[in-house]
**Student:** 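Here you go, one structure.
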Number of protein chains: 2
Amino acid sequence: MLKSEEFVKFIESWGTMGVLWGINRSMARIHAFMILSENPVDLDEISKALYISRGNASMCLKELRNWGVIQRVHISGERRDFYVIEPDVWKMFFRIAVERKKREFDPALDTLRQLIAEKDSKKVKKVSDRLQRIEETFSTFDRILNKFLENEKTSRIMIEFFKNFAPR
Amino acid sequence: MLKSEEFVKFIESWGTMGVLWGINRSMARIHAFMILSENPVDLDEISKALYISRGNASMCLKELRNWGVIQRVHISGERRDFYVIEPDVWKMFFRIAVERKKREFDPALDTLRQLIAEKDSKKVKKVSDRLQRIEETFSTFDRILNKFLENEKTSRIMIEFFKNFAPR
DNA sequence: CTATCCTTTCAGTATATACTGAAAGATATT
DNA sequence: AATATCTTTCAGTATATACTGAAAGGATAG
């Protein structure tokens with residue numbers, strides 16, 4: 001399961017898309033490599049296959065684990081650590097969504113609200129109306145996302161709804 | 001409407017969030033500045049207020065126009081170009097979504113499909129099943145997004161649905 | 001037509017981000 | 001407890017990304 005031209009293309013393309021998720025190229029390439037691997041992989045294999053230093057590979061694996069998109073597994077009789085991807089693709093999506101929201105959306109919404117709450121400014125009506133509209137939009141978005149992420153079951157229901165709404 | 005502490009904070013925070021949208025700090029800061037401006041702004045004003053070179057400001061404005069989140073307006077009697085934000089916040093959201101999808105999601109989905117279509121590989125069942133599941137997930141996501149973005153009216157309907165589903 | 005005002009371009013430079021590899025830290029093996 | 005195997009850390013370095021400012025390119029005014 002290695003090294004056809006398409007595999008390389010997939011790994012690099014996944015790497016590019018990684019930016020969409022806010023993860024860096026190496027992380028995404030490692031993730032792609034793991035998707036294409038039949039068996040659990042170890043640091044050495046990754047390092048050699050993708051021409052990445054062990055140090056970097058180690059840091060990327062740690063970060064991928066933080067994001068919850070891969071897991072460390074133990075193989076009896078083996079001393080090394082092995083890794084597998086989170087097998088549930090939607091779950092993988094959610095985890096990324098949660099992480100990004102927490103890191104970048106929430107603080108921005110906070111600041112927006114603070115700005116609106118601010119009393120003594122020389123705010124012009126036009127601008128405060130605009131801020132109000134933005135806050136409403138963000139807030140709606142926030143509620144939808146929270147609803148979506150609140151538990152497994154809710155997510156599944158929403159996905160099913162979506163599938164019907166936009167059938168193949 | 002300038003330079004309270006909160007305004008600066010808002011601008012910088014918006015700048016951070018910009019990364020979420022795949023736009024760089026300067027672009028996002030300029031956008032934030034424009035949100036807070038009562039009247040159309042020009043290049044010079046931006047450059048001075050945000051301590052950005054005119055060259056950079058010019059490039060950022062161009063890019064923001066490409067994304068469709070700001071518009072150039074003409075003010076009679078004025079020689080300079082002026083700019084305003086897209087006033088419809090949801091529309092702004094959509095434009096960013098469309099752009100990002102086009103740039104980063106679509107190519108990845110393409111590659112994924114190519115990889116699946118590939119005939120003569122030594123693909124292991126486990127891996128091809130996994131790829132199949134990923135394709136399904138991505139494809140569903142793609143259809144939802146397309147549905148959402150296909151026209152103004154559909155978007156509005158979906159937003160209304162969401163608002164009811166996740167009320168304030 | 002030419003001077004003035006404004007915008008854009010882009011080579012060079014600065015800054016931020018990612019990566020390497022050697023050393024230290026862990027954990028298992030004998 | 002010494003050795004071997006594997007992982008993590010991090011200072012230094014490389015690479016990628018963003019920014020500057022001077023020069024060229026337009027547009028309008030006189």
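Numbered from 1 within each chain, the chains take letters A, B, ... in sequence-line order. It should be emphasised that the depicted structure is a prediction, and the values quoted were computed from it without experimental measurement.
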**Student:** Write out all pairs satisfying salt bridge (Lys or Arg N to Asp or Glu O under 4.0 Å) with one or both partners inside residues 47-56 of chain B, taking only residues at least two apart or from two chains.
**Tutor:** B:Asp44-B:Lys48, B:Asp44-B:Arg54
**Student:** Without decimals, in angstroms, what is the distance between B:Glu45 CD and C:dC6 C1'?
**Tutor:**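 Going from B:Glu45 (CD) to C:dC6 (C1'), I get 15 Å.
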**Student:** Please report the shortest heavy-atom distance between B:Leu61 and B:Met34, naming the atom on each side.
**Tutor:**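 Answer, listing the atom of B:Leu61 first, then B:Met34: CD2-SD, 4.4 Å.
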**Student:** Can you tell me which nucleotide in D:dG21, C:dT20, D:dT9 comes closest to the side chain of A:Ile52?
**Tutor:**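 The nucleotide sitting nearest to the side chain is C:dT20.
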**Student:** Please report the shortest heavy-atom distance between B:Asp106 and B:Lys101, naming the atom on each side.
**Tutor:** OD1-NZ, 2.8 Å
**Student:** Report the nucleotide, chosen from D:dT20, C:dG21, C:dT7, that has the shortest atom-to-atom distance to any side-chain atom of B:Arg54.
**Tutor:** C:dT7
**Student:** Are B:Phe165 and A:Phe161 close enough that their ring centres sit under 6.0 Å apart?
**Tutor:**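 Ring centroids of B:Phe165 and A:Phe161 are no less than 6.0 Å from each other.
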**Student:** Tell me: CG of B:Asn24 to P of C:dA14, nearest whole Å?
**Tutor:**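 Result: 19 Å.
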**Student:** In whole angstroms, how far is the P atom of C:dG21 from the OH atom of A:Tyr51?
**Tutor:**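 Roughly 14 Å, once rounded to whole Å.
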**Student:** Could you state the atom-to-atom distance from CG of B:Leu43 to P of C:dT9 in whole Å?
**Tutor:**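 Nearest whole value for this atom pair: 12 Å.
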**Student:** Does a nitrogen or oxygen in the side chain of A:Asn56 sit under 4.0 Å from OP1 or OP2 of C:dA18?
**Tutor:** no
**Student:** Scan B:Lys126, B:Arg133, B:Lys125 and name whichever one has a side chain to side chain donor-acceptor pair (under 3.5 Å) with B:Asp129.
**Tutor:**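 With B:Asp129 as partner, side chain to side chain donor-acceptor pair (under 3.5 Å) holds for just one option, B:Lys125.
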**Student:** D:dC19 P sits how many Å from B:Glu63 CD, rounded?
**Tutor:**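 Distance, rounded to whole Å: 12 Å.
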**Student:** Is the phosphate of D:dT9, meaning OP1 or OP2, less than 4.0 Å from a side-chain N or O of A:Ser58?
**Tutor:** no
**Student:** Would one find a side-chain N or O of A:Lys62 under 4.0 angstrom from OP1 or OP2 of D:dT9?
**Tutor:** yes
**Student:** In whole angstrom, give the distance that lies between atom NZ of B:Lys48 and atom P of C:dT7.
**Tutor:**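 That distance rounds to 11 Å.
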**Student:** DNA chain D: A:Arg25 or A:Met59, which has the more 5' nearest nucleotide?
**Tutor:**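 Its nearest nucleotide lies further toward 5', so the answer is A:Met59.
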**Student:** When the ring planes of B:Trp14 and B:Phe10 are compared, do they come out parallel, tilted or perpendicular, using 30° and 60° as the limits?
**Tutor:**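 It falls in the tilted class, 30° to 60°.
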**Student:** In whole angstroms, how far is the P atom of D:dT8 from the CG atom of A:Leu64?
**Tutor:** 13 Å
**Student:** Using a 4.0 Å cut-off on heavy atoms, which residues in residues 65-83 of chain B reach DNA chain D? List them by number, or say none.
**Tutor:** B:Arg79
**Student:** Parallel, tilted or perpendicular for A:Phe141 and A:Phe105, by the 30°/60° rule?
**Tutor:** tilted
**Student:** Using five pairs at either end of the helix from C:dC1-D:dG30 to C:dT30-D:dA1, determine the angle between the two local helix axes and round it to 10 degrees.
**Tutor:** 10°
**Student:** What's the spacing between B:Gln132 CD and B:Leu112 CG if we round to 0.5 Å?
**Tutor:** 8.5 Å
**Student:** Assess the side chains of B:Glu86 and B:Gln71: does a donor N or O sit below 3.5 Å from an acceptor N or O?
**Tutor:**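 Indeed, the side chains of B:Glu86 and B:Gln71 share at least one donor-acceptor pair under 3.5 Å.
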